[in-house]
**Student:** 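Before I ask anything, here is the structure I am working with.
In listed order, ligands and their atoms are each counted from 1. The analysis underlying the following values was restricted to heavy atoms, covering all of them including side chains, and did not include hydrogens, waters or symmetry mates. Position 1 is the first residue of the sequence, and the numbers go up from there. All of these numbers come straight from a predicted model, not from anything done at the bench.
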Amino acid sequence: MIALACDHGGFGLKKTVTDYLEAKGLAYKDFGTFSAQSCDYPDFALAAAEAVASGECDRGILICGTGIGISIAANKVKGIRAAHVHDVFSAKATRLHNDANMIAFGERVIGPGLAIEILDAFLNTPFSGDERHQRRIDKITAIEKKYFK
Ligand code: RB5
């Protein structure tokens with residue numbers, strides 16, 4: 001199950017994303033927003049991030065105007081590694097190296113074609129499992145444990 005969330009700045013691109021997920025037969029849960037009316041991205045980031053952190057969803061997709069605010073908010077949830085990505089290379093690398101469990105991009109930054117290529121790379125690239133990458137992820141978790149209760 002894929003968690004999906006956006007604010008008004010990402011509402012148009014979310015439709016492109018849901019069309020893609022449906023065409024691929026990938027199940028998703030849409031945490032909103034459900035209109036182009038102005039809203040606050042942390043509300044939607046929180047709902048989707050909690051679904052990923054709890055295991056209800058395996059991965060998550062976040063969209064706002066820039067992808068920045070919604071990724072910052074999601075990364076405050078324990079267990080979330082949300083990657084703010086606008087190119088295919090980084091989408092692959094963040095899966096291979098960081099085992100990112102959420103991806104964020106901005107509707108005001110990239111077009112729908114690139115967004116789908118990025119998403120495709122993100123969803124279809126496994127974590128490398130390399131010891132050095134796992135060690136670094138474990139160190140991120142240790143930072144999280146130190147600062148987030
Ligand atoms: C909304 O205007 C905009 O600030 C938001 O979508 C996002 O880009 C924030 O980082």
Side-chain angles (χ1 to χ4, degrees), residues 1-24 26-125 127 133 136-149:
M1 181 69 73
I2 296 168
L4 183 57
C6 70
D7 73 352
H8 56 286
F11 183 66
L13 187 52
K14 187 174 77 169
K15 175 76 171 87
T16 303
V17 167
T18 56
D19 285 350
Y20 162 85
L21 295 173
E22 283 164 22
K24 293 278 180 189
L26 297 170
Y28 66 88
K29 185 165 179 185
D30 189 346
F31 290 89
T33 186
F34 299 104
S35 83
Q37 191 178 343
S38 183
C39 62
D40 299 337
Y41 55 79
D43 299 337
F44 305 96
L46 176 63
E50 282 184 331
V52 173
S54 72
E56 180 190 353
C57 293
D58 316 296
R59 300 269 182 92
I61 304 165
L62 303 162
I63 317 166
C64 67
T66 59
I68 297 171
I70 205 162
S71 61
I72 292 172
N75 276 314
K76 299 298 181 194
V77 174
K78 200 171 182 180
I80 294 302
R81 292 181 301 282
H84 178 226
V85 167
H86 285 131
D87 67 277
V88 173
F89 173 82
S90 300
K92 283 184 188 160
T94 199
R95 288 290 310 129
L96 289 167
H97 293 207
N98 317 123
D99 197 14
N101 49 16
M102 302 191 86
I103 192 164
F105 38 74
E107 179 177 345
R108 298 173 187 161
V109 183
I110 52 171
L114 179 54
I116 294 308
E117 283 194 26
I118 288 168
L119 194 50
D120 212 41
F122 177 75
L123 294 175
N124 292 305
T125 305
F127 174 50
H133 294 311
R136 292 161 189 162
I137 292 167
D138 291 344
K139 288 187 177 187
I140 293 171
T141 304
I143 294 170
E144 196 177 58
K145 282 197 179 124
K146 183 173 177 186
Y147 288 98
F148 292 88
K149 296 296 166 203

**Student:** Quick one: does atom 4 (O) of ligand 1 have a protein heavy atom under 4.0 Å from it?
**Tutor:**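 No, no protein heavy atom sits under 4.0 Å from atom 4 (O) of ligand 1.
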**Student:** For atom 8 (O) of ligand 1, state which one of Thr66, Val109, Ile72 supplies the nearest heavy atom.
**Tutor:**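 Considering heavy atoms of Thr66, Val109, Ile72, the nearest to atom 8 (O) of ligand 1 sits in Thr66.
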**Student:** Can you name the atoms of ligand 1, numbered from 1 with element, that are less than 4.0 Å from a heavy atom of His8?
**Tutor:** 1 (C), 2 (O)
**Student:** Is Phe148 close to Val77 at the side-chain level, that is, under 4.5 Å between some pair of heavy atoms?
**Tutor:**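 No, their side chains stay 4.5 Å or more apart.
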**Student:** How far is atom 9 (C) of ligand 1 from its nearest protein heavy atom, and which residue and atom name does that atom have?
**Tutor:**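 The protein heavy atom lying closest is Tyr41 CE2, 3.5 Å.
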**Student:** Taking atom CZ of Arg81 and atom CZ of Arg95, what is their separation to the nearest 0.5 Å?
**Tutor:** 8.5 Å
**Student:** Does the N or O separation between Gly69 and ligand 1 drop below 3.5 Å for any pair?
**Tutor:**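 N/O-N/O distance under 3.5 Å: yes.
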**Student:** Output the list of atoms in ligand 1 that are nearer than 4.0 Å to some heavy atom of Gly65, sorted by atom number.
**Tutor:**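 Here the atoms of ligand 1 in question are 5 (C), 6 (O), 7 (C), 8 (O).
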**Student:** Quick one: are Glu22 and Tyr28 in side-chain contact, heavy atoms under 4.5 Å?
**Tutor:** yes
**Student:** To the nearest 0.5 Å, what is the distance between CD1 on Ile70 and CG on Asn75?
**Tutor:** 11.5 Å
**Student:** Number the atoms of ligand 1 from 1 as they appear, then name those within less than 4.0 Å of a heavy atom of Asp7, with their elements.
**Tutor:**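 It comes down to these atoms of ligand 1: 1 (C), 5 (C), 6 (O).
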**Student:** Just to confirm my output: which protein heavy-atom neighbour is closest to atom 2 (O) of ligand 1, and how far is it?
**Tutor:**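 Result: Arg108 NH1, 3.3 Å.
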**Student:** Where is the nearest protein heavy atom to atom 7 (C) of ligand 1: which residue, which atom, and how far?
**Tutor:**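 Nearest neighbour among protein heavy atoms for atom 7 (C) of ligand 1, to 0.1 Å: Cys64 SG, 3.3 Å.
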**Student:** Mind checking the CD1-CD1 spacing from Ile110 to Ile118? Nearest 0.5 Å is all I need.
**Tutor:** 4.0 Å
**Student:** Glu144 and Lys78: which non-hydrogen atoms are nearest, and at how many Å?
**Tutor:**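 In this case the closest contact between Glu144 and Lys78 is OE2-CA, 3.4 Å.
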**Student:** Output the distance between atom CD1 (Ile80) and atom CG (Leu46), rounded to the nearest 0.5 Å.
**Tutor:**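 Interatomic distance, Ile80 CD1 to Leu46 CG, rounded to 0.5 Å: 10.0 Å.
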